[in-house]
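So the structure is just underneath, and the comments pick up after that.
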Amino acid sequence: QVQLVESGGGLVQAGGSLRLSCAASGRTFNSYAMGWFRQAPGKEREFVAAISWNGVSSSYGNSVAGRFTISRDTAKNTVYLQMNSLKPEDTAGYYCAAAGNFVNIRTIPDYWGQGTQVTVSS
């Protein structure tokens with residue numbers, strides 16, 4: 001079992017930066033691929049980024065590639081999402097997820113966090 005708690009959301013102006021954190025509990029955290037998703041009101045959930053259990057592999061959604069960076073700190077059981085050059089269309093609830101392998105993280109995560117809100121003003 002893995003519990004995920006996100007933090008770091010807030011209000012930022014367009015062009016600014018935020019760093020989201022996802023703290024995981026559970027002894028098997030280091031064996032899970034981790035990911036970030038987002039969902040805006042009235043829209044479907046969107047894949048943002050994912051990282052493999054060992055941090056070697058990562059992938060990004062087309063809308064954030066080149067602006068967002070995912071990373072993990074195994075000693076702190078935490079995964080991060082550094083968001084730069086934020087745009088109003090990045091406004092959404094951001095959710096952390098964990099999956100048993102990197103292939104599945106984009107489609108069938110095993111665990112979800114409660115989410116943190118990011119609002120980007122124009």
Side-chain angles (χ1 to χ4, degrees):
Q1 191 78 6
V2 176
Q3 288 80 43
L4 306 172
V5 179
E6 302 95 334
S7 62
L11 174 65
V12 63
Q13 288 188 335
S17 299
L18 277 178
R19 188 177 78 158
L20 305 183
S21 300
C22 173
S25 61
R27 293 178 295 174
T28 60
F29 167 76
N30 292 340
S31 66
Y32 281 85
M34 301 296 295
W36 288 94
F37 294 76
R38 67 186 183 185
Q39 188 167 21
K43 295 187 177 181
E44 294 187 353
R45 186 167 57 204
E46 176 187 10
F47 168 75
V48 175
I51 189 166
S52 61
W53 69 273
N54 57 4
V56 171
S57 300
S58 60
S59 66
Y60 297 90
N62 291 337
S63 61
V64 306
R67 299 187 298 123
F68 291 10
T69 302
I70 189 170
S71 62
R72 68 190 297 164
D73 185 334
T74 55
K76 295 182 178 180
N77 279 10
T78 301
V79 62
Y80 303 98
L81 184 68
Q82 178 66 43
M83 306 185 294
N84 298 329
S85 302
L86 283 162
K87 305 174 181 180
E89 51 264 44
D90 294 319
T91 295
Y94 281 72
Y95 299 86
C96 180
N101 61 68
F102 189 62
V103 173
N104 290 343
I105 186 67
R106 295 183 67 145
T107 55
I108 47 173
D110 298 307
Y111 303 100
W112 291 95
Q114 294 298 309
T116 186
Q117 178 67 32
V118 172
T119 302
V120 184
S121 63
S122 58

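Minimum interatomic distance between Ala40 and Ala92 (heavy atoms only, all atoms of both residues): N-CB, 3.9 Å. When all heavy atoms of Ser58 and Tyr60 are compared, the pair lying nearest together is OG-CE1, 3.8 Å. The two residues Ala98 and Met34 make their nearest non-hydrogen contact at CB-SD, 3.5 Å. Minimum interatomic distance between Tyr32 and Gly100 (heavy atoms only, all atoms of both residues): CD2-N, 3.8 Å. Minimum heavy-atom separation, Pro109 to Ala99: CA-CB, 4.0 Å. Minimum interatomic distance between Ser52 and Val56 (heavy atoms only, all atoms of both residues): OG-N, 3.2 Å.
Among residue pairs with one or both ends in residues 89-100, those qualifying as side chain to side chain donor-acceptor pair (under 3.5 Å) are Arg38-Asp90, Arg38-Tyr94, Arg67-Asp90; sequence neighbours excluded. Judged as a side chain to side chain donor-acceptor pair (under 3.5 Å), the pairs with a partner in residues 9-20 (not counting sequence neighbours) are, in order, Ser17-Asn84.
Annotation: the span from Thr69 atom OG1 to Met83 atom CE amounts to 11.0 Å, rounded to 0.5 Å. Summarising the geometry, atom CH2 belonging to Trp112 is positioned 11.0 Å from atom SG belonging to Cys22; distances are rounded to the nearest 0.5 Å. Note that CG of Leu4 and OG of Ser25 are 7.5 Å apart. Values are rounded to the nearest 0.5 Å. One distance of note links CZ of Arg45 with CZ of Phe37; it measures 6.5 Å at 0.5 Å rounding. From Tyr80, atom OH reaches atom CH2 of Trp36 across 10.5 Å, with rounding to the nearest 0.5 Å. With rounding to the nearest 0.5 angstrom, the CD atom of Gln3 is 11.5 Å from the CG atom of Asn77.
Placement of Leu81 and Val2 within a single hydrophobic cluster is found when ILVMFWY residues are connected by side-chain heavy-atom separations under 4.5 Å, directly or transitively. Hydrophobic cluster membership is shared by Val120 and Leu18, with clusters built from Ile, Leu, Val, Met, Phe, Trp and Tyr side chains linked at under 4.5 angstrom.
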### Query
Going through the checks in order, is the side chain to side chain contact (heavy atoms under 4.5 Å, CB included) test met by Val79 and Leu20?
CA-CA 8 Å; Val79 62; Leu20 305 183; over 6 Å; no

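Taking the side chain as every heavy atom from C-beta outward, Asn101 and Trp53 never approach each other to under 4.5 Å. A heavy-atom distance below 4.5 Å is found between the side chains of Leu86 and Phe68.
Gln114 places no side-chain N or O within donor-acceptor distance of the main-chain N or O of Glu6, the cut-off being under 3.5 Å.
Here Phe102 sits in one hydrophobic cluster together with Ile105; the rule is ILVMFWY side chains under 4.5 Å apart, joined directly or through other members.
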